[in-house]
4 protein chains.
Amino acid sequence: MCSSPTAKRTGRPRSADADRAILAATRAALAEQGWGRLTLGDVAARAGVAKTTLYRRWAGKNELVVDAVAALFEEQLELPDLGSLQADIQGVVLRFAELLNRPETRTALMAVIAEAAHDDALRLRIREAIVDRQKHLVVLGRKRAQQRGEIPPEDGAADSAAGPARDNLIFDVVAGAVVHRVMVSSEPVDEEWAGRLAVLLVVGLAGLHTAQDL
Amino acid sequence: MCSSPTAKRTGRPRSADADRAILAATRAALAEQGWGRLTLGDVAARAGVAKTTLYRRWAGKNELVVDAVAALFEEQLELPDLGSLQADIQGVVLRFAELLNRPETRTALMAVIAEAAHDDALRLRIREAIVDRQKHLVVLGRKRAQQRGEIPPEDGAADSAAGPARDNLIFDVVAGAVVHRVMVSSEPVDEEWAGRLAVLLVVGLAGLHTAQDL
Amino acid sequence: MCSSPTAKRTGRPRSADADRAILAATRAALAEQGWGRLTLGDVAARAGVAKTTLYRRWAGKNELVVDAVAALFEEQLELPDLGSLQADIQGVVLRFAELLNRPETRTALMAVIAEAAHDDALRLRIREAIVDRQKHLVVLGRKRAQQRGEIPPEDGAADSAAGPARDNLIFDVVAGAVVHRVMVSSEPVDEEWAGRLAVLLVVGLAGLHTAQDL
Amino acid sequence: MCSSPTAKRTGRPRSADADRAILAATRAALAEQGWGRLTLGDVAARAGVAKTTLYRRWAGKNELVVDAVAALFEEQLELPDLGSLQADIQGVVLRFAELLNRPETRTALMAVIAEAAHDDALRLRIREAIVDRQKHLVVLGRKRAQQRGEIPPEDGAADSAAGPARDNLIFDVVAGAVVHRVMVSSEPVDEEWAGRLAVLLVVGLAGLHTAQDL
DNA sequence: ATTTAAGCGAGACGGTACGTCACGTCTTGTC
DNA sequence: GACAAGACGTGACGTACCGTCTCGCTTAAAT
């Protein structure tokens, strides 16, 4: 950000351990106290680090927490290959729900989203660091389904916008439905519910392909 | 809540104006500053009321904001009758998105949901005050569609749980998808997107009915 | 103040019990909590009276407490006739010290004096209500001593100011020394100490009469 | 008090300027507003210091004001050598009265004494910080008078308690009389009054020496 | 081996908001 | 109209974190 990777820096280098300890402490504190009661003093104390060290690296709560949360989503999700689109969807839904049920993730994610509701820069950071990184799952799932012949291949130039639009819709529906079920309805995402959602999506998606121009 | 309706109350009664002014000021302040920067002192000042009056009636930020937000959802949503299930869904999605795009609603709703991520009592209050109140829209929509013959009537005792489960799934999908589109993806909920979602749901729902035991 | 004693007052007359209860409650509360922690709400509660009633009769803390304290000094002190000026002084000193050692008196008196340090009107009220009322003790003691022949009678016109000046000095010395001993030095006013003070005064007073023009 | 002088202290050291500024501001505010209207927020503002800094160093009003007042008495009083015991007493009385007439001293001293009326720990602090420090004036005055032959030297073991007892009596009488004259009687301590008091004391003191066992 | 520039812990600092408390005033309904 | 009850506006309280700022010490690269 402020220096090219090859820029030789003089003086004592920053401790990499500190970074890890701080991010871990942030996640732990966030899970326990929630965004509102999260204090940077507490994070510093948990990490065994001075507050100064913390402010030397992040500009404030937002930046720190987004980084801490992003790490959670870094490599957590992958698309299982279960033989059919419906099974794949059911599988990824269950994994996502499991992630959302861990207290650290649940608190952290909602906290940053809420904070982003009135902070455009933060919303952008979330999209880049967390959301966009997961969209490839949809793309991957569609390609597998097309290879299996479950859904038709892309037509090409004619309605070029429809494909990505469908991908985005699927993403919003899957992510939104799971989050809503877990966070708002407070009901479990079990195999049954995930199965129903998968059926809805597979059948509905076929309908979308049938309907022209959608 | 704290007194039977016939309980003779002595002393000066609480001002009803104050309640209204405080809730309105809370919504305004929340829209402008967001949850994190919302100060009860500011709310009091906007409402032309003393801080103590505010604390006399609500125990803290959470309680106040939930009450303020609940009022927003009180009578805002209704299901338009546009002639077909698909059109009805598209219509309600657009209305819901419009509501979510008003800054006060957007900030307020996400704030309380986030705070609820680690506060069971708050989550319960949200469900009672906001969520459950909207579920009737799904029930109403289903009944209309059944009357129109778009989807089959309930079978009765055999799979009695499938109907409500489908209703809940639909609710999570619609609400979740719209919220995710607006809050996370930061993309507009226009007629096109709403139409796609409606198609997905109508077709998918038919598939759910076809699939036995779902 | 606002009505002649014979003026027919309309409406419900003020309760005389309330007055007594309030003053007694004030003294009790003052003894327990001190001036700083004395709350009028507490006084009202102890007196079994509404705050309104209290404010209807006194303008504020100062007025109430001074009235409450004044009653303590109303008829508490008298000059014993023990046969000699020295014995009389010793006796009144012991009685005054006893009064000052009662917690209510001790707290109350110092509180109003301290408050008076920067409040001229209050200082005047104290002088009228408390101090001036006790000065007659000095005059009475002097007259007795003159009758006994222990000190010479007043000369008359020549040095007419010297007599009252001496009375005032004696008053300041006796009252001041006792208060200082009790409140500041925190040491007991016993017969020995009172005796020493009496000797000092009797002998010193004789010296004052001897010294011309004093 | 709380740390040995060689204790290595870590972290940023407390500002000595702040201490001085706070104590000075306290005295100024106290003189202007009196104890009752003295607000620590105002003190902090006058001192150009944050309220927290103030609370970091003193536990409350009492502690702060006693420290502030103690400094006033630190080196204010000394015994003039005017050639005779009577003149020395007259001199120190006038100086003490002058000190007491300064609004800051008058308010501050009475305030802490009043507060001490129901606070044993505070009374102890006052004695240590203010009163005991002035007693040496009495001892010094007595020694000078003994050197001049105005009063007889101490006898030694026989009545060893009488000497200190007389010193304490003199202290209570001088301090008490001046305070009472200024604070309660609200009359001036001029040369005439101080002279009378000095005569009373010198003559009375001789009487005390004459009376055996006193 | 020194130097040197930054990192680091500790904790004081100026702020802002908190939630509480008592003040003295006001509005009720009852006596 | 006095009274009990209690809500109200006001303003200080003492606390908790914020993000910044000294301190003196440590650490590793550059000399």
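Heavy-atom basis, side chains included; hydrogens, waters and symmetry copies ignored. As the structure is a prediction and not an experimental result, all values here were calculated from the model. Throughout, a chain's letter reflects where its sequence line sits, starting with A, and its residues are numbered from 1.
- Across all strands shown, D:Leu54 has no heavy atoms under 4.0 Å from either base or sugar-phosphate atoms.
- A:Gly48 comes within contact range of the sugar-phosphate backbone alone, with a heavy-atom separation under 4.0 Å but no base atom that close.
- For E:dC13, the base has no donor-acceptor partner in the side chain of D:Arg12 [N/O atoms by modelled type, under 3.5 angstrom].
- You'll find that the side chain of B:Leu40 is closest to E:dG19, out of E:dG7, F:dG9, E:dG19.
- At least one donor-acceptor pair under 3.5 Å links the side chain of D:Arg14 to the backbone N or O of D:Arg56.
- Looking at B:Lys51, its side chain has no donor and acceptor atom pair within 3.5 Å of the base of F:dG9.
- Along DNA chain F, the nucleotide closest to D:Pro13 and the one closest to A:Gly41 are compared, and the more 5′ of them pairs with A:Gly41.
- Rounding to the nearest 0.5 Å places CD1 of B:Ile22 at 4.5 Å from CH2 of B:Trp58.
- Using a 4.5 Å heavy-atom threshold, the side chains of D:Met183 and C:Arg123 count as separate.
- One interatomic measurement links the two molecules: CZ of A:Arg37 to P of F:dC17, which rounds to 10 Å at whole-angstrom precision.
- When the nucleotides E:dC18, F:dC13, E:dT28 are ranked by their closest atom to the side chain of D:Thr39, F:dC13 comes out on top.
- The listed nucleotides are E:dC8, F:dC8, F:dA5; the one nearest the side chain of A:Thr53 is E:dC8.
- Residue-to-nucleotide contacts include no donor-acceptor pair under 3.5 Å from the side chain of C:Thr52 to the base of E:dT25.
- Looking only at distances, no side-chain donor or acceptor of C:Arg27 sits under 3.5 Å from a matching main-chain atom of C:Ala71.
- For A:Arg46 and E:dG9, the CZ to C1' distance is 19 Å, given to the nearest whole Å.
- The separation between B:Ile22 atom CD1 and F:dG9 atom P is 8 Å, rounded to whole Å.
- Separating the CG atom of B:Asp17 from the P atom of F:dA7 is a distance of 17 Å, rounded to the nearest angstrom.
- Summarising the geometry, the separation between CG on D:Leu38 and P on F:dG11 is reported as 17 Å, rounded to the nearest angstrom.
- Side-chain proximity of D:Arg57 to the nucleotides E:dC13, E:dG14, E:dC23 is greatest for E:dC13.
- Of the listed nucleotides (E:dG11, E:dG24, E:dC8), E:dG24 has the atom at the smallest distance from the side chain of C:Tyr55.
- We find that CH2 of D:Trp58 is positioned 14 Å from P of F:dG14, with the value rounded to whole Å.
- Of the candidate nucleotides E:dT25, F:dA2, E:dC18, F:dA2 has the atom lying nearest to any side-chain atom of C:Arg56.
- Side-chain contact between C:Tyr55 and C:Leu64 is absent, with no heavy-atom pair separated by less than 4.5 Å.
- If you take CD of D:Gln33 and C1' of F:dA12, they are 13 Å apart, rounded to a whole angstrom.
- Counting heavy atoms from C-beta outward, B:Asp67 and B:Thr26 have side chains that stay 4.5 Å or more apart.
- Set against E:dC8, E:dG14, F:dA7, the side chain of A:Ser15 has E:dC8 as its closest nucleotide.
- The CG atom of A:Asp42 sits 11 Å away from the C1' atom of F:dC17 (whole-angstrom rounding).
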